[in-house]
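Here the structure is laid out as structure tokens; the discussion comes afterwards.
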Amino acid sequence: MRRVGVLSLQGDVREHVATLENLGATPRRVRRVADLDGLDGLIIPGGESTAIGHLLTTSGLRDPLQSMIDDGMPVFGTCAGLILLATRILDGRDDQWSFAALDVAVRRNGYGRQIASFEVPIDIGDRGTVPGVFIRAPRIEQCGPDVTVWASHDHGDGEHPVLVRQGALWGCSFHPELTSDVLVHGLFLDALQEALR
Ligand code: GLN
């Protein structure tokens with residue numbers, strides 16, 4: 001049985017937990033170091049990347065999580081979570097850090113401010129189409145050679161990847177947890193199951 005966690009320090013934790021439950025998983029809320037015990041995979045939710053980063057440090061979760069990510073644990077970062085996985089943050093705060101694991105450059109708030117939030121259908125090839133909710137979303141501006149782009153969106157200034165994968169690491173700019181569509185979480189859980197085989 002897969003043991004998937006949702007980092008539960010700040011952000012839309014409840015929505016991720018509900019989506020995973022809809023898929024039949026029993027997610028674990030990860031708040032402290034003991035919650036990492038025996039974890040097979042983790043979702044880092046949307047919210048505020050600087051706040052989550054700060055709480056990761058103060059909770060003591062940062063170092064053990066960094067080791068688990070470096071050791072290949074599957075992790076899916078959505079929105080702020082994507083920023084926390086990225087190797088490069090553009091327009092970040094000076095003291096902002098990340099796990100620097102997913103080889104992408106992301107621009108914080110690259111699609112504009114809160115008031116510029118939008119929802120568009122996102123096409124994931126033969127997997128289908130999902131509603132993409134973008135809220136102060138990071139824009140992926142560069143991907144390393146090992147990154148596969150699963151979906152892109154052109155918001156009027158050229159195509160940018162919005163759902164990417166690099167081995168066990170997944171990232172998306174939008175919020176799949178804010179709609180009733182479970183497709184994206186399902187893809188991650190399938191990959192998690194696969195990795196455990
Ligand atoms: N702009 C936010 C940040 O930098 C992310 C927004 C979100 O997760 N909805 O953390």
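Counting begins at 1 with the first residue of the sequence. As a basis for the values below, the full set of heavy atoms in this structure was taken, side chains included, without hydrogen atoms, waters or symmetry mates. Whatever order the structure lists ligands and atoms in, that order sets their numbers, starting from 1.
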Point to revise | ligand 1: protein residues within heavy-atom distance under 4.0 Å | key: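 Residues Gly46, Gly47, Glu48, Ser49, Cys79, Ala80, Ile83, Arg108, Asn109, Ile135, Arg136, His175 each place a heavy atom under 4.0 Å from ligand 1, listed by chain and number.
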
Review point. Backbone N or O of Arg165 within a donor-acceptor pair of the Trp150 side chain at under 3.5 Å?
Key: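 Judged by distance alone, no pair lies under 3.5 Å.
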
Check your understanding: Listed by chain and number, what are the side-chain hydrogen bond (donor to acceptor under 3.5 Å, both in side chains) partners of Thr50, not counting sequence neighbours?
Key ->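 Here the qualifying residues are Glu48.
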
Point to revise | Hydrophobic cluster of Ile135, others only, ordered by chain and residue number, side-chain cut-off 4.5 Å | key: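 Other cluster members: Val133, Leu178.
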
Check your understanding: Got a salt bridge between Arg139 and Asp157, using NZ or NE/NH1/NH2 to carboxylate O under 4.0 Å?
Key ->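 Yes, charged N to carboxylate O under 4.0 Å.
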
Check your understanding: Please, which pairs that meet salt bridge (Lys or Arg N to Asp or Glu O under 4.0 Å) have at least one residue in residues 86-103, sequence neighbours excluded?
Key ->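 Sorted result for residues 86-103: Asp91-Arg107, Arg93-Asp95.
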
Review point. Does the side chain of His160 pick up a donor-acceptor pair with the side chain of Ser173 at under 3.5 Å?
Key: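 Per modelled atom types, His160 and Ser173 side chains form no pair under 3.5 Å.
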
